[in-house]
Amino acid sequence: MIPDARNPLQSLTLRSAALAVIAYAAARMGVVLPDGAAATLADAAFDLLFALSMIGIGVGRARARAPLA
């Protein structure tokens with residue numbers, strides 16, 4: 001692995017983009033978010049995405065090892 005490689009989920013660019021999208025969507029819907037709420041939602045969205053992808057990988061690997069029926 002490259003020594004200075006970062007985890008994509010820790011990327012400030014991706015988190016900033018998600019934060020901007022959440023803040024924009026909330027503003028368009030007329031929802032006023034408290035300070036820090038958009039960042040918390042962006043972090044939660046990334047954590048959810050990571051967890052669901054790990055579940056999907058596990059299910060896919062389990063199905064690949066099962067006999068075809």
Side-chain angles (χ1 to χ4, degrees):
M1 182 172 197
I2 302 170
D4 61 345
R6 293 184 183 159
N7 180 352
L9 293 177
Q10 299 301 323
S11 169
L12 293 178
T13 303
L14 289 176
R15 289 192 183 271
S16 296
L19 188 133
V21 167
I22 290 169
Y24 176 76
R28 289 286 291 181
M29 291 188 293
V31 177
V32 177
L33 295 174
D35 291 340
T40 303
L41 290 172
D43 288 341
F46 274 105
D47 291 343
L48 178 63
L49 177 67
F50 181 74
L52 291 176
S53 65
M54 290 295 107
I55 291 170
I57 290 170
V59 168
R61 290 188 53 81
R63 289 184 56 137
R65 294 177 188 232
L68 297 175

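Remember, it's a predicted structure, so these values are computed and weren't measured experimentally.
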- Message: Which Ile, Leu, Val, Met, Phe, Trp or Tyr residues join Val31 in one cluster when any pair of side-chain heavy atoms under 4.5 Å counts as a link?
- Response: Ile22, Met29, Leu33, Leu41
- What salt bridge (charged side-chain N to carboxylate O under 4.0 Å, His left out) pairs are there with at least one residue in residues 30-44, not counting sequence neighbours? Arg15-Asp43
Residues 48-56, side-chain donor-acceptor partners within the protein, below 3.5 Å, at least two apart:
residue : atom : partner : partner atom : Å
Ser53   : OG   : Leu49   : O            : 3.2
Ser53   : OG   : Phe50   : O            : 2.7

